[in-house]
*Asks:* 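After the structure tokens below, expect a handful of questions from me.
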Amino acid sequence: MSHAGVQAADEQVGTVDVRFAAGESYEFAVRGHRMLVDQPPEAGGADEAPTPTELFVASLATCVAFYAGRYLTRHGLDRDGLGVSVTYRMATDRPARVADVQLRLRLPKGFPAARKQALLAVASHCTVHNTLEAPPTVTVDAL
């Protein structure tokens, strides 16, 4: 929001709405799409959907894949076979958080080795990764 609390014309504002579903499951809605998050049985959930943390890591991985795919298309290269494998580790101290994330791009067959560093540079600057590098201000309030 701008200084006066009015959205500037060049600002993009998104919204997500979350509501309790059942047990440890929550439904969220974004742009008309509805999805669930849940917890595994050992955390009291029914394991009906990914956890919020898994969704967070998946968000980073899919953003990297999207940027890599756009790079491939821009350079006339095929996306077939493009993928991202991710491992992540939770911190062992407090606060609860993801301690590290390792992403590995699977490149399409025949991808030119000379373009690898450029592709990695583009993919590592996706919107989600940029947000982790320069965290947003987060406020939590109650209505």
Side-chain angles (χ1 to χ4, degrees), residues 1-3 5-141:
M1 301 296 272
S2 70
H3 304 351
V6 177
Q7 181 183 337
D10 61 346
E11 283 185 287
Q12 294 182 7
V13 176
T15 61
V16 176
D17 188 66
V18 178
R19 69 172 185 80
F20 172 72
E24 298 299 331
S25 181
Y26 292 82
E27 178 185 76
F28 66 96
V30 58
R31 294 185 308 101
H33 303 283
R34 296 190 177 286
M35 293 169 268
L36 288 176
V37 295
D38 199 0
Q39 296 294 320
E42 60 271 17
D47 204 17
E48 298 284 326
T51 68
T53 303
E54 291 165 337
L55 202 55
F56 165 74
V57 174
S59 176
L60 174 59
T62 55
C63 191
V64 165
F66 171 73
Y67 272 61
R70 286 306 248 323
Y71 174 92
L72 294 172
T73 298
R74 221 176 15 257
H75 293 281
L77 301 166
D78 192 2
R79 293 185 193 198
D80 192 33
L82 174 64
V84 178
S85 297
V86 184
T87 57
Y88 66 97
R89 184 179 57 83
M90 300 300 294
T92 56
D93 60 343
R94 294 284 172 206
R97 67 196 183 283
V98 174
D100 64 68
V101 181
Q102 296 178 347
L103 298 103
R104 172 167 248 133
L105 278 171
R106 290 189 309 279
L107 302 176
K109 189 174 182 173
F111 180 81
R115 291 196 180 261
K116 183 177 176 183
Q117 290 307 313
L119 172 64
L120 291 173
V122 168
S124 68
H125 287 89
C126 77
T127 304
V128 175
H129 189 236
N130 287 344
T131 302
L132 292 171
E133 293 290 321
T137 301
V138 177
T139 57
V140 179
D141 200 354

*Asks:* Please enumerate all residues that pass side-chain hydrogen bond (donor to acceptor under 3.5 Å, both in side chains) together with Arg74, with sequence neighbours excluded.
*Replies:*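 For Arg74 there are no side-chain hydrogen bond (donor to acceptor under 3.5 Å, both in side chains) partners, ignoring immediate neighbours.
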*Asks:* List in chain and number order the residues that pass side-chain contact (heavy atoms from CB on, under 4.5 Å) with Ala43, two or more places apart in sequence or in another chain; answer none if no residue qualifies.
*Replies:* Gln39, Pro40
*Asks:* In a check of side-chain contact (heavy atoms from CB on, under 4.5 Å) between Phe111 and each of Leu82, Leu77, Leu105, Asp78, which one passes?
*Replies:*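 The option that passes is Leu77.
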*Asks:* Is the shortest side-chain heavy-atom distance between Asp80 and Pro108 below 4.5 Å?
*Replies:* no
*Asks:* Just jot down the side-chain hydrogen bond (donor to acceptor under 3.5 Å, both in side chains) partners of Ser25, sequence neighbours excluded, or say none.
*Replies:* none
*Asks:* Name all residues meeting the side-chain contact (heavy atoms from CB on, under 4.5 Å) criterion together with Pro135; count only those two or more places apart in sequence or in a different chain, and write none if there are none.
*Replies:* none
*Asks:* According to the salt bridge (charged side-chain N to carboxylate O under 4.0 Å, His left out) rule, which pairs have a member within residues 38-58, sequence neighbours left out?
*Replies:*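 As it turns out, there is no salt bridge (charged side-chain N to carboxylate O under 4.0 Å, His left out) pair with a partner in residues 38-58 once direct neighbours are skipped.
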*Asks:* Just to verify, what does Arg94 make a side-chain hydrogen bond (donor to acceptor under 3.5 Å, both in side chains) with, not counting sequence neighbours?
*Replies:* none
*Asks:* Please enumerate all residues that pass salt bridge (Lys or Arg N to Asp or Glu O under 4.0 Å) together with Asp17, with sequence neighbours excluded.
*Replies:* none
*Asks:* Taking only residues two or more places apart in sequence, or in another chain, which ones meet Val16 in a side-chain contact (heavy atoms from CB on, under 4.5 Å)?
*Replies:* Val18, Phe28, Val30
*Asks:* Thr73: what forms a side-chain hydrogen bond (donor to acceptor under 3.5 Å, both in side chains) with it, not counting sequence neighbours?
*Replies:*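 Arg79.
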*Asks:* Sequence neighbours excluded, which residues qualify as ring-ring contact (aromatic ring centres under 6.0 Å, His included) partners of His75?
*Replies:*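 With sequence neighbours excluded, His75 shows a ring-ring contact (aromatic ring centres under 6.0 Å, His included) to Tyr71, given in chain and number order.
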*Asks:* Checking Thr131 side chain against Thr127 main chain: does a donor-acceptor pair fall under 3.5 Å?
*Replies:* yes
*Asks:* For Tyr67, what residues pass the ring-ring contact (aromatic ring centres under 6.0 Å, His included) criterion, not counting sequence neighbours?
*Replies:*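 Scan of Tyr67 (ring-ring contact (aromatic ring centres under 6.0 Å, His included), adjacent residues dropped) gives none.
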*Asks:* Just wondering, do Leu132 and Phe56 contact through their side chains at under 4.5 Å, heavy atoms?
*Replies:*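 Side-chain contact under 4.5 Å: yes.
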*Asks:* Check the surroundings of atom CZ in Arg31: do more than 12 heavy atoms from other residues, nucleotides or ligands lie under 6.0 Å from it?
*Replies:* no
*Asks:* Please tabulate, one pair per line, all N/O donor-acceptor pairs under 3.5 Å involving side-chain atoms of residues 84-92, not counting sequence neighbours.
*Replies:*
from: Ser85; atom 1: OG; to: Arg106; atom 2: NH1; distance (Å): 2.5
from: Arg89; atom 1: NE; to: Asp100; atom 2: OD2; distance (Å): 2.8
from: Arg89; atom 1: NH2; to: Asp100; atom 2: OD2; distance (Å): 2.6

